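Not measured: the values here are computed from a predicted model.
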Amino acid sequence: MNNDTIIPLFPLGLVLFPGMALPLHIFEERYKTMTRECIEQDREFGVVLIDGERIRDFGCTAKIVKVMKEYPDGRSDIMTIGQKRFFIKEVLDTKSYLEARVVFFDDEMETETQEWEAIATTGVNLLLRTESFPPEEQGRSLLKRGDYRAVSFLIAGSEGFSPEEKQVFLEMTSTSDRLKKGTRSLEKIIERNLLTQEIHAIIGGNGNIRKYFRVS
């Protein structure tokens with residue numbers, strides 16, 4: 001754990017992971033101010049999942065890597081990349097945007113085994129079977145480098161998972177657990193999708209009740 005740090009806070013309806021690209025359209029005045037200050041001061045801001053009015057205690061910082069477009073009214077499109085995970089100790093409401101006093105954390109030290117490589121490879125292959133998969137080169141490159149922590153975040157970021165499920169993965173501090181549970185969950189998602197497709201194929205040819213009714 002590091003010493004307390006104060007960072008700007010950006011509550012969103014999503015979960016950001018380290019290494020994950022996140023494009024954002026900035027239109028609210030408070031976030032125009034926040035992103036401008038982050039760029040000027042070379043600071044990161046914290047992305048946290050907001051569920052209704054509840055802000056989760058764990059999040060991930062985002063670094064602005066590119067301003068893709070600026071609009072005359074001050075709005076902008078930016079590209080950010082997830083950096084470090086944090087735990088919120090205190091939310092501060094002294095500026096136009098929220099800030100938080102946080103401590104950063106990372107995965108615990110673990111001894112890698114041959115099983116990690118097999119699970120990570122399976123997980124990346126499963127990702128490539130989903131409708132919205134990451135670039136194949138990214139997954140293959142991470143596997144080649146043996147960066148299983150990054151692979152575990154790549155799997156956890158699958159769009160097949162709900163924000164609540166992703167939040168659980170974000171808070172995990174075991175690379176091996178995240179790899180295993182993420183890959184196993186992806187397998188279940190794909191099995192469920194295949195079953196749904198089979199059901200639709202079976203019932204799809206049974207006619208349509210609407211043909212018996214005339215709509216004027």
Side-chain angles (χ1 to χ4, degrees), residues 1-2 12-23 44 46-51 56-63 65 79-88 102-201:
M1 291 287 186
N2 296 328
L12 291 168
L14 55 82
V15 175
L16 179 66
F17 292 100
M20 175 181 168
L22 176 63
E44 299 170 7
V47 173
V48 286
L49 176 65
I50 182 168
D51 182 8
R56 299 301 180 95
D57 294 329
F58 292 84
C60 179
T61 62
K63 181 178 179 61
V65 294
M79 178 61 70
T80 72
I81 300 291
Q83 302 294 312
K84 303 183 296 291
R85 290 176 293 165
F86 59 83
F87 170 72
I88 297 176
V102 305
V103 289
F104 297 104
F105 70 96
D106 205 343
D107 284 358
E108 302 166 356
M109 295 295 295
E110 296 178 273
T111 301
E112 295 183 9
T113 66
Q114 291 183 341
E115 183 187 22
W116 286 31
E117 181 180 2
I119 295 173
T121 300
T122 298
V124 169
N125 288 335
L126 289 171
L127 273 179
L128 298 177
R129 292 176 57 188
T130 62
E131 292 183 3
S132 53
F133 52 82
E136 183 171 359
E137 297 78 11
Q138 180 182 7
R140 301 302 181 200
S141 175
L142 293 176
L143 287 174
K144 187 176 182 180
R145 297 204 309 265
D147 191 345
Y148 302 121
R149 172 182 174 276
V151 172
S152 74
F153 287 132
L154 190 65
I155 293 170
S158 167
E159 292 188 9
F161 299 128
S162 68
E164 291 74 18
E165 291 166 336
K166 291 181 180 181
Q167 185 69 27
V168 174
F169 287 128
L170 181 75
E171 297 179 16
M172 286 183 180
T173 56
S174 168
T175 299
S176 60
D177 281 353
R178 193 183 304 109
L179 267 178
K180 293 174 184 176
K181 293 180 181 180
T183 298
R184 188 162 62 245
S185 298
L186 268 186
E187 288 176 338
K188 295 298 182 183
I189 289 173
I190 290 176
E191 288 175 5
R192 184 174 66 226
N193 290 343
L194 289 174
L195 179 60
T196 299
Q197 291 173 14
E198 291 177 3
I199 293 173
H200 286 172

Ignoring hydrogens, what is the shortest heavy-atom contact between [X] and [Y]? Give both atom names and the distance.
X    : Y    : answer
S158 : L186 : OG-CD2, 3.6 Å
P18  : F153 : CG-CE1, 3.8 Å
V151 : A120 : CG1-CB, 3.8 Å

Report the distance from atom [atom1] of [X] to atom [atom2] of [Y], rounding to the nearest 0.5 Å.
X    : Y    : atom1 : atom2 : answer
D106 : R149 : CG    : CZ    : 4.0 Å
L22  : T80  : CG    : OG1   : 4.0 Å
L14  : L49  : CG    : CG    : 7.5 Å
E115 : L179 : CD    : CG    : 9.5 Å
E44  : I81  : CD    : CD1   : 11.5 Å
L16  : R85  : CG    : CZ    : 11.5 Å

Please tell me if the side chains of [X] and [Y] come closer than 4.5 Å, counting only heavy atoms from C-beta onward.
X    : Y    : answer
L126 : I155 : no
C60  : F17  : no
K181 : F169 : yes
L128 : R140 : yes
D107 : R178 : yes
T175 : E112 : no
T61  : F104 : yes
Y148 : E117 : yes

Pair S141, R145: side-chain N/O donor-acceptor within cut-off below 3.5 Å
yes
Return the orientation label for the F58 and F87 ring planes: parallel under 30°, perpendicular over 60°, tilted otherwise.
tilted
Salt bridge E171-R56, side-chain N to carboxylate O under 4.0 Å:
no
